[in-house]
Amino acid sequence: MSGLLAVIGKGKDPQLVKELSKRMAYRGPDESDLHIMENGSVICHEGLSVIDLQSGKQPIQGTSKAWMIHDGEIYNYEELKNTVLKEHSFRTKSDSEVIVHLYEEFGYKFCNMLDGAFAFVVINGDDYIAGRDPIGVKPLYYGLDERGRIYFSSEMKAIADQCKSFSTFPPGHYYTAKTGFVKYYQPEYEDHKKAVESLDLKLIRETLIEATRKRLVSNVPLGVVLSGGLDTSLVSSITSRLLKGNGEKLHSFSIGLDANAPDNIAARKAAAFLGTEHHEIHFSVEEGVQVLEKVIYHIETYDIISVRSGVPMYLLSKAIAETGIKVVLSGEGADEIFGGHLYFRNAPSAEEFQDETIERVQKLFTADLLRVDKTTMAHGLEARIPFLDKDFLDVAIRIKTEEKQPKNYDGIEKYILRKAFDTPEDPYLPSEILWRQKEQFSDGVGYNWIDELIEYCSSQVSDEQMAGAAVEFPYNSPTTKEAYLFRSIFHKFYPQVSAAQTVRKWIPKWQDNQDPSGRANAAHVKAGAEQSKSGITV
């Protein structure tokens, strides 16, 4: 895991490039280096050492004049080294080095061989290739400056004031000067008509276990996020089982406003059942508000749900990193794959349900993945996401829609995922955790967090400012005082039009209340209660 920056073209001051890279130094607190290519291009790397702690320093040279920088983890690197790259000599034991050798062996057509989370740049003289993993677990941006130089960066803060225009690098693509963008990841599941597979609960279970197993490769301490919801609890349970017998106790972490927050209550029950060394973090609304600007600076978005959930995730990541843990497994992706958000209950048809699951997986890089990567990496912590494993996606998304659409199962969201791990003879989780209703992270930390955050934002934004919001911010104009405050903070750090255009707002479909909180859906168990003055209650 790391921060990468490449400036391709002549004339850019290497010292300035190094300073730009240092804007992301927190992504790689263990090492930092730069290489100047013969043609004047510059590549920088801020490294977090997770595999090959001794010799894996980047940038890494291949067997030719090609050099590479990489952010992420390649889980099948040993297999690649022992098969298609067995004739190559390697300089390090790092998982990253296989990328430059694959380029030397196969040219541009190698991204589908990689199993992992990645963003990379390889430069070989005047030739180069940049690529991003299939779902966008790792962030990547690209831009052009006034002199036509092209930039690639893990975060836009490193390039926003250097480029005349920049944008988000699309997941599942690679880019070269010769080809432009090429979509290398074209899974069958992207066509809803291919959702024709019969339900196989054993296969769901086995592929998720394997997805988790491959993400345990690490030479540093590893932990799990355990919110007490289905997704993180399953990942924690599987991880605990896989690590059993190695003599180490798995560390789990949850966060909430206090001990009575919904997530903390559930997490304690799950941790006790699993036998993890559990750490429960508490934060106050005041502490959340105090880090609001830091969080928006780090996550580089003004999307409401990303900011709301980004604050507790930022505070949780800080607490995890302070224990010495460098790798943490988390549960993002399951809601999108299985239609777990409560609004999916209102899908007008099976076809629209399936299309929405596909689109939500494709757009994860604009919201949940952006949040989880940047809040963890802000503290030099690597997050790994088993649910977004390519093999698991192929199995789960292509199941017949009528077998997973929640309304067919008494409205229980993610029914087939719960059913796959409902094994009474060898239980993965207590029944009350396995069948717990979906609770969004920003709600689960304590309902007062969102309610009081909205009140705080209202106190900071005048009616006059709201009246002029569309003029002040003509693109993606904020429509609430909360949205206005988030946008104002974002604009302070990233005033460029290109920056605003990288953001995609997450808005639930098929419900009258457009607030992204899960409590805005009538299906929420608390939806009929008078919970707040914020307008979330329906």
Side-chain angles (χ1 to χ4, degrees), residues 189 192 194-209 211-212 227-238 262-263 266 269-270 273 331-361 364 368 386-389 392-441 443-444 508-511 518-519 521-527:
Y189 69 70
H192 69 255
K194 299 294 179 66
V196 295
E197 298 299 319
S198 297
L199 179 59
D200 186 336
L201 297 177
K202 182 181 179 183
L203 184 60
I204 291 174
R205 188 165 59 248
E206 289 175 346
T207 50
L208 184 57
I209 291 170
T212 305
S227 70
L230 173 67
D231 312 332
T232 60
S233 296
L234 277 181
V235 169
S236 298
S237 177
I238 295 168
D263 278 0
K269 293 176 182 177
F273 179 84
E332 280 73 17
D335 287 316
E336 290 70 24
I337 296 167
F338 294 101
H341 294 293
L342 295 180
Y343 74 86
F344 273 92
R345 299 183 182 202
N346 304 328
S349 67
E351 182 177 301
E352 289 178 85
F353 179 97
Q354 184 69 11
D355 281 341
E356 180 69 358
T357 62
I358 295 167
E359 183 176 355
R360 289 270 60 86
V361 169
L364 268 170
D368 285 13
F387 280 107
L388 297 180
D389 181 82
F392 184 73
L393 290 172
D394 285 339
V395 167
I397 298 182
R398 294 196 300 125
I399 296 168
K400 294 176 184 177
T401 308
E402 58 267 25
E403 296 203 59
K404 62 187 174 184
Q405 192 170 11
K407 67 182 181 182
N408 292 340
Y409 300 107
D410 299 322
I412 299 171
E413 73 283 352
K414 293 179 287 192
Y415 178 87
I416 62 174
L417 179 61
R418 299 175 194 273
K419 195 68 176 172
F421 286 89
D422 191 356
T423 53
E425 70 285 354
D426 184 20
Y428 280 79
L429 291 168
S431 181
E432 62 187 306
I433 301 298
L434 187 66
W435 295 95
R436 182 188 176 201
Q437 180 181 267
K438 164 66 183 172
E439 193 81 82
Q440 285 179 200
F441 184 56
D443 289 325
K509 286 186 176 181
W510 309 313
Q511 66 184 45
R519 288 184 290 147
N521 189 286
H524 191 279
V525 291
K526 299 291 187 180

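- In this structure, Leu230 and Leu234 have side chains that are in contact, with non-hydrogen atoms separated by less than 4.5 Å.
- Summarising the geometry, atom CG belonging to Asp394 is positioned 9.5 Å from atom OG1 belonging to Thr207; distances are rounded to the nearest 0.5 Å.
- With contacts defined as side-chain heavy-atom distances shorter than 4.5 Å, the pair Phe353/His192 does not qualify.
- Asp231 is listed as a side-chain neighbour of Leu417, based on a closest heavy-atom distance under 4.5 Å.
- The distance from atom CG of Leu208 to atom CD1 of Ile337, rounded to the nearest 0.5 Å, is 8.5 Å.
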*asked:* Go through it in stages, so that I can follow the logic: the residues are His341 and Glu336, the test is side chain to side chain donor-acceptor pair (under 3.5 Å), and I'd like the CA-CA distance, side-chain angles, deciding distance and then a yes or no.
replied: CA-CA 7 Å; His341 294 293; Glu336 290 70 24; 3.0 Å; yes

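- The two residues Ile397 and Gln354 have their closest heavy-atom pair at O-NE2, 2.9 Å.
- Contacts of Glu356 classified as side-chain contact (heavy atoms from CB on, under 4.5 Å), with partners at least two apart in sequence or in another chain: Tyr343, Phe344, Glu359, Arg360, Lys509, Trp510.
- Here the CG atom belonging to Leu429 is positioned 6.0 Å from the CG atom belonging to Leu434, to the nearest 0.5 angstrom.
- Interatomic distance, Glu352 CD to Asn346 CG, rounded to the nearest 0.5 Å: 11.5 Å.
- Closest of all the heavy-atom pairs between Ile416 and Leu201 is O-CD2, 3.6 Å.
- With a 4.5 Å cut-off on side-chain heavy atoms, Thr423 and Arg205 count as touching.
- If you take CZ on Arg398 and CG on Leu393, they are separated by 11.0 Å, rounding to the nearest 0.5 Å.
- In this structure the side chain of Lys400 never reaches within 4.5 angstrom of the side chain of Glu197, judged on heavy atoms.
- Considering every non-hydrogen atom in both Phe338 and Lys414, the closest pair reads CB-CG, 3.6 Å.
- Minimum interatomic distance between Gly339 and Thr357 (heavy atoms only, all atoms of both residues): N-CG2, 3.9 Å.
- Using a 4.5 Å cut-off on side-chain heavy atoms (C-beta onward), Ile399 and Val196 make no contact.
- Counting heavy atoms from C-beta outward, Glu413 and Leu342 have side chains that approach closer than 4.5 Å.
- Every residue two or more places apart in sequence or in another chain that forms a ring pair (Phe, Tyr, Trp, His ring centres under 6.0 Å) with Phe421 is listed here: Tyr428.
- Looking only at distances, no side-chain donor or acceptor of Ser237 sits under 3.5 Å from a matching main-chain atom of Ser233.
- Ion pairing of Arg436 with Asp263 is present here, as a side-chain N (NZ or NE/NH1/NH2) and a carboxylate O approach within less than 4.0 Å.
- Across every non-hydrogen atom of Ala266 and Ser227, the tightest pair is CB-O, 4.5 Å.
- The shortest heavy-atom contact between Ile433 and Lys269 is CD1-CB, 4.3 Å.
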